[in-house]
Protein chains: 2
Amino acid sequence: MAVNDGLARLVARAQPRHRTTTEFVEATLREAILSGVIAPGTPLRQEDLAETFGVSRMPVREALRQLEARALAEFHPHRGAVVAEISAADGADIGAIRMALEPMALRLSLPGLTAADLDQAEELIAEMDGEADPGRMGELNRRFHMTLYARAGRPRLLALAEQHLLAADRYLRFQFAALGYLPRSQDEHRALLAACRAGDADAACRLVEEHVGQAAEQLTAFLGAREAG
Amino acid sequence: MAVNDGLARLVARAQPRHRTTTEFVEATLREAILSGVIAPGTPLRQEDLAETFGVSRMPVREALRQLEARALAEFHPHRGAVVAEISAADGADIGAIRMALEPMALRLSLPGLTAADLDQAEELIAEMDGEADPGRMGELNRRFHMTLYARAGRPRLLALAEQHLLAADRYLRFQFAALGYLPRSQDEHRALLAACRAGDADAACRLVEEHVGQAAEQLTAFLGAREAG
DNA sequence: TGCCAGGATATTGGATCCAATCTATCACCC
DNA sequence: GGGTGATAGATTGGATCCAATATCCTGGCA
């Protein structure tokens with residue numbers, strides 16, 4: 001058996017439609033870490049990963065370097081990499097970054113949002129209503145947020161925002177795995193969308209900041225209690 | 001002669017006091033790109049870099065991967081990497097990110113700032129007054145800002161803020177190379193420091209946002225004009 | 001004369017091999 | 001019996017080698 005059954009399945013399902021092997025390994029590993037298939041703290045042995053992917057150690061090494069730069073893996077020279085740990089402090093950190101980036105993205109995007117964008121956001125809210133699977137839920141939530149930010153015309157800002165949305169989702173899945181349920185925030189989503197439809201930038205920015213802050217607060221409360229005892 | 005004289009000098013001066021060769025190459029290359037020693041768009045040939053550093057191609061490859069993840073180099077499969085280009089759009093992007101991150105960092109840091117921190121910030125302002133070298137100037141400016149954010153207790157947020165502060169400084173050096181002078185903003189620095197001393201979080205955040213916005217605006221005006229003609 | 005095809009060349013991507021270093025275990029000394 | 005040091009094993013870091021791919025130049029053809 002490979003190191004990690006879940007990862008092996010992910011690799012088997014994944015279409016290596018990437019241009020280079022390194023890209024393929026990086027994308028698959030990132031997905032595995034973000035989705036929780038590989039638990040925080042898991043050692044990432046190059047040899048094992050290479051075997052799982054059916055490649056040599058080299059693309060694995062390059063992929064791990066990129067994951068390190070994205071804070072998804074921690075490197076210790078001559079000791080190897082481990083999947084980034086989860087902590088209340090880091091969760092609060094990610095929350096603070098989101099609270100800074102997302103209102104800015106929304107403010108820049110709002111004037112350019114089309115009726116079609118807003119309709120799609122509404123549809124995503126509706127889909128979330130009936131969704132129980134945390135993976136699908138996170139995906140829908142991410143798409144909802146990014147739909148609202150899409151017209152900001154700032155690729156770097158959007159990439160950073162999405163990166164930290166994904167990081168937050170990783171924490172959320174972790175919370176789900178422990179608690180068995182997901183905190184819902186559909187009312188906040190609806191209020192946010194309404195403010196966007198009204199074109200009220202100040203209200204929308206305030207709502208998204210509060211919305212992100214709420215999620216971060218619940219998360220740190222959960223993680224703080226977990227770390228304390 | 002090596003590919004790039006400036007880089008060769010940087011390598012010669014650099015102390016390889018890093019634990020691995022890859023770290024050494026990455027740090028030196030990053031410094032070279034950020035300081036403008038290697039111009040935007042310059043191809044980063046692995047073989048040439050390896051020779052310049054006196055190492056094999058492998059640590060160079062890993063270093064380039066990390067630079068890519070930090071948006072300092074652009075990869076094109078089978079075609080190599082080039083130093084990230086400079087553009088008005090990207091400058092505005094970086095400015096928007098700074099305008100989001102830095103007020104948040106300051107707000108979190110402000111309650112924890114000590115008198116010593118504020119005195120050091122004041123000293124850095126004084127040093128900037130008499131500084132003509134753009135490299136030193138950027139360094140002092142970066143330290144001034146980071147001193148004010150240091151007590152935020154959010155490592156990821158601070159790392160992101162510093163990263164984009166450095167990216168902005170790269171743009172500023174580029175502007176200096178073309179214009180021959182640096183736009184000063186010492187009045188804004190002093191006003192910002194005064195607000196921090198007064199403990200007025202709202203004012204301080206507003207000032208830092210305006211300050212960053214000003215710089216970004218000047219930059220995009222310069223780059224926009226340059227791209228137009 | 002301009003365009004397309006094909007091959008030569010340069011450069012990167014990936015695999016294998018060797019060296020450096022960290023960890024764990026075990027013996028030995030205090 | 002506990003702690004320290006040496007040694008062996010495992011694992012990563014770095015170098016070299018080979019394969020794949022992109023680019024560029026040249027020659028033929030319309």
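In what follows, every chain begins at residue 1, and chains take the letters A, B, ... in the order their sequences are listed. Remember, predicted model here, so these are calculated numbers, not experimental data.
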Query raised in the report: In terms of the angle between their ring planes, are B:His18 and B:Phe24 parallel, tilted or perpendicular, with boundaries placed at 30° and 60°?
Result: tilted
Query raised in the report: C:dT21 C1' sits how many Å from A:His76 NE2, rounded?
Result: 16 Å
Query raised in the report: Between A:Thr21 and C:dG13, does any side-chain N or O lie under 4.0 Å from OP1 or OP2?
Result: no
Report task. Starting from C1' on D:dT11, measure out to CD on A:Glu51 and report it in whole angstrom. Result -> 15 Å
Query raised in the report: Do A:Ser87 and A:Asp90 have a side chain donor and acceptor closer than 3.5 Å?
Result: no
Report summary line: Looking only at C:dA15, C:dT11, D:dT12, the nucleotide nearest the B:Arg45 side chain is C:dT11
Report task. Give the rounded distance in Å between these two atoms: CZ of A:Arg61 and P of C:dG13. Result -> 15 Å
Requested in this report: Output the single nucleotide from D:dA15, D:dG14, C:dA15 whose closest atom is nearest the side chain of B:Val55.
Outcome: D:dA15
Query raised in the report: Is there a donor on the side chain of B:Arg19 or the base of D:dG13 sitting less than 3.5 Å from an acceptor on the other?
Result: no
Requested in this report: Check whether the side chain of B:Arg79 and the base of C:dG13 form a donor-acceptor pair under 3.5 Å.
Outcome: no
Query - Pair A:Arg136 + A:Glu139, salt bridge at N-O below 4.0 Å - result: no
**Report entry** Short N-O contact, B:Asp169 and B:Arg142, less than 4.0 angstrom
**Finding:** no
**Report entry** Rounded distance in Å - CD (A:Glu26) to P (C:dG14)
**Finding:** 13 Å
Query raised in the report: What's the verdict on salt bridge (charged side-chain N to carboxylate O under 4.0 Å, His left out) for A:Arg98 and A:Glu209, showing C-alpha distance, side-chain angles and the deciding distance?
Result: CA-CA 8 Å; A:Arg98 287 190 62 198; A:Glu209 186 173 346; over 6 Å; no
Requested in this report: Check whether any side-chain N or O of A:Thr22 sits under 4.0 Å from OP1 or OP2 of C:dG13, and answer yes or no.
Outcome: no
Requested in this report: Answer yes or no: side-chain N or O of A:Arg57 and base N or O of D:dG13 forming a donor-acceptor pair under 3.5 Å.
Outcome: yes
Query raised in the report: Given C:dG13, C:dA15, D:dG14, which nucleotide is nearest the side-chain atoms of B:Pro59?
Result: D:dG14
Report summary line: From CD of A:Glu68 across to P of D:dT12 the rounded distance in Å is 14 Å
Query - Length of the line joining B:Phe75:CZ and C:dT11:C1', which is rounded to integer Å - result: 12 Å
Report summary line: Walking DNA chain C from its 5' end, the first of A:His78 and A:Gly54 to be reached, judged by nearest nucleotide, is A:Gly54
Requested in this report: Round to the nearest Å and state the distance from B:Met58 atom CE to C:dC18 atom C1'.
Outcome: 12 Å
Query raised in the report: A:Phe53 has an atom CZ; how far is it from atom C1' of C:dA15, in whole Å?
Result: 17 Å
